[in-house]
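Note sheet for the following structure.
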Amino acid sequence: MKKDFFQYQAQTTPHPLSLEISRAEGSYIYDTDGNAHLDFVAGVSACSLGHCHPAVVRAVEEQARTYMHVMVYGEYIQAPAVEYSRELASRLPSPLETTYLVNSGTEAIEGALKLARRVTGRSGIIAARNAYHGNTMGSLSLMDYEERKAPFRPLLPDIRHIEFNRKEDLDRITSGTAAVILETIQGGAGFIQPENGYLKAVRDRCEAVGALLILDEIQPGFGRTGALFAFEHYGIVPDILVMGKGMASGLPIGAFTASREMMATLSDKPMLGHITTFGGNPVIAAAALATLRELTSSHLIPDTLEKEAQFRKRLEHPMIEEIRGRGLMLCLMMKSSQIANDLVLSCARKGLVLFWLLFEKNAVRITPPLTISEAEIDEGCAIILEVLEGMTE
């Protein structure tokens with residue numbers, strides 16, 4: 001299987017972890033040798049309810065027996081997608097009411113950018129330095145990391161960058177700006193949270209010049225930070241909300257939500273202003289609905305803050321300079337990139353799944369399922385401390 005993996009499946013790095021998977025359940029992934037791996041990554045923040053949560057499995061099985069794909073998005077009324085969109089709207093502040101379901105977070109970013117330009121009639125987009133919004137051409141265009149962009153140029157024009165948390169840069173948002181797009185919490189940059197009323201200042205500037213505010217909640221969304229969406233912590237509401245990852249407990253999905261009035265612009269002049277074949281797939285939507293209901297009917301979301309406190313208490317070590325993030329969107333800031341790399345690889349050999357961040361090389365990701373137990377947190381933290389102690393000998 002490993003030989004076929006390298007020969008027939010496209011690779012994203014020269015040296016993938018290449019763990020051969022047998023099954024997964026709860027907070028554990030099992031390899032084909034029968035070894036259990038405690039998952040502190042959750043498919044990079046995607047498996048909100050852990051692996052194969054019974055409510056999600058049941059929803060998928062029931063819907064798969066009823067009907068699967070029957071028509072391209074937006075033509076037929078399919079109950080799972082309609083129910084999901086309605087229930088999501090009931091949990092979002094006004095005017096976030098109408099949702100377009102797509103297949104991934106980066107596709108949702110593409111739709112949000114198109115919507116912003118359509119609504120405003122402007123072309124300028126402001127993004128943050130060290131941002132990561134995905135890897136399709138439009139999403140890649142938002143990045144300021146030239147090493148990643150250069151091989152794929154020319155990219156989307158009229159993109160300018162500001163420094164996240166730097167209010168002095170906000171005068172770059174002008175009457176020519178269609179939208180400002182920000183991660184509510186910067187992910188690849190090292191789980192950087194907005195500070196000192198930054199998001200409120202951005203919101204105010206956008207309103208002053210008639211620009212739209214797009215918030216990318218692909219990673220912090222769906223309870224990971226102690227609220228359904230991270231923007232709720234900061235007292236503002238975006239014009240367009242982008243989501244993905246944790247929406248459907250590991251199944252491929254994304255979405256963008258805005259006012260009904262804004263979303264209507266995609267349906268006319270031209271018709272089919274944004275189209276997708278598989279967006280809103282009923283099986284995936286059923287999984288998303290089961291995930292949303294489980295998250296909002298349980299204590300999982302508020303419990304993320306207690307679990308954060310447990311991680312912070314347990315993971316005190318001289319090699320850990322800082323723990324960044326909020327809730328169960330955390331990263332360990334190590335003293336060097338070499339220590340971070342060694343920690344990930346050494347923990348993997350001891351049955352603990354950790355991972356890296358995209359830009360911040362000193363960081364080690366900790367984004368476990370929201371369902372992780374206190375005992376499992378202790379188990380994983382003990383492995384981390386054991387590995388770090390071994391490095392100091």
Side-chain angles (χ1 to χ4, degrees), residues 26-27 39-53 55-57 59-60 80-81 83-93 96 99-109 112 132-134 183-187 191 193 214-234 237-238 240-257 279-280 284-308 325-330 365-372:
S27 299
D39 188 359
F40 268 19
V41 175
V44 187
S45 302
C47 302
S48 305
L49 300 179
H51 299 284
C52 295
H53 189 282
V56 177
V57 172
V60 168
E83 290 178 17
Y84 181 77
S85 299
R86 182 182 63 232
E87 192 147 332
L88 181 64
S90 74
R91 300 185 181 282
L92 287 170
L96 298 175
T99 294
Y100 198 123
L101 295 167
V102 292
N103 305 286
S104 67
T106 191
E107 185 184 334
I109 292 290
Y132 179 73
H133 298 285
E183 299 162 272
T184 309
I185 297 176
Q186 283 200 304
F191 291 8
Q193 298 185 67
I214 304 171
L215 286 184
D216 177 344
E217 291 260 2
I218 293 169
Q219 188 162 188
F222 295 94
R224 188 155 288 280
T225 68
L228 187 59
F229 293 100
F231 73 80
E232 298 175 60
H233 297 299
Y234 303 104
V237 178
I240 306 173
L241 176 65
V242 179
M243 61 203 88
K245 284 193 184 293
M247 283 181 74
S249 297
L251 275 69
I253 190 170
F256 57 106
T257 300
I284 308 297
L289 183 59
T291 299
L292 181 62
R293 286 175 174 171
E294 185 68 22
L295 287 172
T296 55
S297 66
S298 68
H299 291 284
L300 286 173
I301 294 178
D303 283 354
T304 61
L305 300 178
E306 295 180 11
K307 292 171 182 178
E308 174 193 352
R326 187 170 191 153
L328 290 178
M329 184 178 173
L330 302 173
R365 166 188 293 275
I366 295 182
T367 56
L370 274 57
T371 50
I372 195 166

Check whether the side chains of Thr291 and Ser249 place a donor and an acceptor atom closer than 3.5 Å, and report yes or no. yes

Is a donor from one side chain sitting under 3.5 angstrom from an acceptor on the other, for Arg326 and Thr304? no

Quick check for you: to the nearest 0.5 Å, what is the distance between [X] atom [atom1] and [Y] atom [atom2]?
| X | Y | atom1 | atom2 | value |
| --- | --- | --- | --- | --- |
| Thr371 | His51 | OG1 | NE2 | 8.5 Å |
| Leu292 | Ser297 | CG | OG | 9.0 Å |
| Arg224 | Ile301 | CZ | CD1 | 11.0 Å |
| Glu232 | Arg91 | CD | CZ | 11.0 Å |
| Ser45 | Met329 | OG | CE | 6.5 Å |

Closest approach of [X] to [Y] (non-hydrogen atoms, all atoms of both residues):
| X | Y | result |
| --- | --- | --- |
| Ala108 | Val242 | CB-CG1, 3.6 Å |
| Ala55 | Ala290 | O-CB, 3.8 Å |
| Ala287 | Val60 | CB-CG2, 3.9 Å |
| Ala42 | Thr367 | CB-O, 3.2 Å |
| Ala286 | Pro80 | N-CB, 3.8 Å |
| Gly26 | Pro369 | O-CG, 4.4 Å |

Could you check whether any side-chain heavy atom of [X] comes within less than 4.5 Å of a side-chain heavy atom of [Y], counting everything from C-beta outward?
| X | Y | result |
| --- | --- | --- |
| Leu241 | Ile214 | no |
| Ile284 | Asn103 | no |
| Leu215 | Ile240 | no |
| Val44 | Arg365 | yes |
| Lys307 | Ile372 | yes |
| Leu96 | Pro238 | yes |
| Leu88 | Leu289 | no |
| Asp216 | Thr184 | no |

Between Thr99 and Ser85, does the side chain to side chain donor-acceptor pair (under 3.5 Å) criterion hold? Intermediate values first, please. CA-CA 6 Å; Thr99 294; Ser85 299; 5.0 Å; no

List in chain and number order the residues that pass salt bridge (charged side-chain N to carboxylate O under 4.0 Å, His left out) with Glu308, two or more places apart in sequence or in another chain; answer none if no residue qualifies. Arg312

Who pairs with Glu87 by salt bridge (charged side-chain N to carboxylate O under 4.0 Å, His left out), at least two apart in sequence or on another chain? Arg293

[X] side-chain N/O to [Y] backbone N/O, donor-acceptor pair under 3.5 Å:
| X | Y | result |
| --- | --- | --- |
| Ser48 | Gly246 | yes |
| Glu183 | Tyr132 | yes |
| Glu217 | Ala230 | yes |
| Lys245 | Gly105 | no |

Taking only residues two or more places apart in sequence or in another chain, which ones pass side chain to side chain donor-acceptor pair (under 3.5 Å) with Asp303? none

Side chain to side chain donor-acceptor pair (under 3.5 Å) filter on Thr225, not counting sequence neighbours, yields His233

Trace of the side-chain contact (heavy atoms from CB on, under 4.5 Å) decision for Ile218 with Ile109: CA-CA 9 Å; Ile218 293 169; Ile109 292 290; 4.0 Å; yes

Under the side-chain contact (heavy atoms from CB on, under 4.5 Å) rule, what do Met247 and Tyr84 come out as? Steps first, then yes or no, please. CA-CA 11 Å; Met247 283 181 74; Tyr84 181 77; 3.3 Å; yes

Contacts of Phe229 meeting ring-ring contact (aromatic ring centres under 6.0 Å, His included) (sequence neighbours excluded), chain-then-number -> Phe222

With sequence neighbours excluded, residues passing ring-ring contact (aromatic ring centres under 6.0 Å, His included) with Phe256: Tyr100, His274

Verdict with supporting geometry, Gln219 and Ile185, side-chain contact (heavy atoms from CB on, under 4.5 Å): CA-CA 8 Å; Gln219 188 162 188; Ile185 297 176; over 6 Å; no

